[in-house]
Amino acid sequence: MEPQIPKDKRNLRACLLCSLVKNASQFRRDGCDNCEEILQLRGRPERLEECTTSAFEGTIAMMNPRRSWVGKWQRINPYLPGLYAIKVSGRLPDDVIEVLERSGANTAHAMAPRPPINVSAC
């Protein structure tokens with residue numbers, strides 16, 4: 001799958017589960033490239049508001065997340081290439097957390113804040 005990079009900077013939102021950043025219209029049309037099976041955002045505006053946020057800081061363009069130390073540090077290395085938020089603010093809905101817990105997913109990881117990147121170490 002090709003990475004979906006936002007076409008413009010208006011109405012950017014980040015997925016609360018994987019931190020992928022896209023325009024609201026891209027999330028509404030295509031869902032989340034990483035989490036659609038769980039979040040079911042495609043064509044559901046109310047779900048889009050619940051499971052994405054405009055409250056995020058910074059972005060990282062990940063073209064090869066599996067080989068990137070930044071991807072590993074930000075815990076996005078299992079995801080598809082794309083634009084990711086460094087820090088996301090918000091909380092997933094309880095029903096999504098329940099689905100994650102039933103599936104055996106590590107919800108602490110999904111809800112944990114990501115450590116900041118020390119750019120002076122680059």
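One finds the OG atom of Ser68 at 7.5 Å from the CD1 atom of Ile60 (value rounded to the nearest 0.5 Å). Taking CG of Leu83 as the reference point, atom OG1 of Thr59 lies at 4.5 Å (rounded to 0.5 Å). Here CG of Leu17 is found 12.0 Å from OG1 of Thr52. Values are rounded to the nearest 0.5 Å. Here the straight-line distance linking atom CD of Glu101 with atom OG of Ser103 works out to 9.0 Å at 0.5 Å rounding. Gln74 CD to Ser19 OG: the interatomic distance, rounded to the nearest 0.5 Å, is 8.0 Å.
Across all their heavy atoms, Tyr84 and Cys18 have their closest contact at CD2-O, 3.4 Å.
By the 4.5 Å heavy-atom criterion applied to side chains, Asn34 and Cys15 are not counted as neighbours. Annotation: side chain of Ile38 is in contact with side chain of Leu100 (closest heavy-atom distance under 4.5 Å). Contact annotation: the side chain of Glu36 approaches that of Arg42 to within less than 4.5 Å [non-hydrogen atoms, C-beta and beyond]. For the pair Val70 and Asn77, the minimum side-chain heavy-atom distance is 4.5 Å or more. Between Leu12 and Asn23 there is a side-chain heavy-atom pair separated by less than 4.5 Å. For the pair Phe56 and Val21, the minimum side-chain heavy-atom distance is below 4.5 Å. The closest side-chain heavy-atom distance from Cys51 to Val96 is below 4.5 Å.
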Please walk me through it: do Leu80 and Leu20 pass side chain to side chain contact (heavy atoms under 4.5 Å, CB included)? CA-CA 9 Å; Leu80 295 171; Leu20 181 68; over 6 Å; no
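Residues satisfying the side chain to side chain donor-acceptor pair (under 3.5 Å) test with Asp94, not counting sequence neighbours, are Arg91. Residues passing the side chain to side chain contact (heavy atoms under 4.5 Å, CB included) test with Ser89 are Ala55, sequence neighbours excluded. By the side chain to side chain contact (heavy atoms under 4.5 Å, CB included) test, Arg44 pairs with Gln40, Glu46, Arg47, sequence neighbours left out. Under the rule for a salt bridge (charged side-chain N to carboxylate O under 4.0 Å, His left out), Glu37 has no partner lying at least two apart in sequence or in another chain. Remark: Asn11 engages no residue in a side chain to side chain donor-acceptor pair (under 3.5 Å) (not counting sequence neighbours).
Pairs of residues two or more places apart, or lying in two chains, that qualify as salt bridge (Lys or Arg N to Asp or Glu O under 4.0 Å) and include a residue from residues 13-26 are Arg13-Glu49, Lys22-Asp33.
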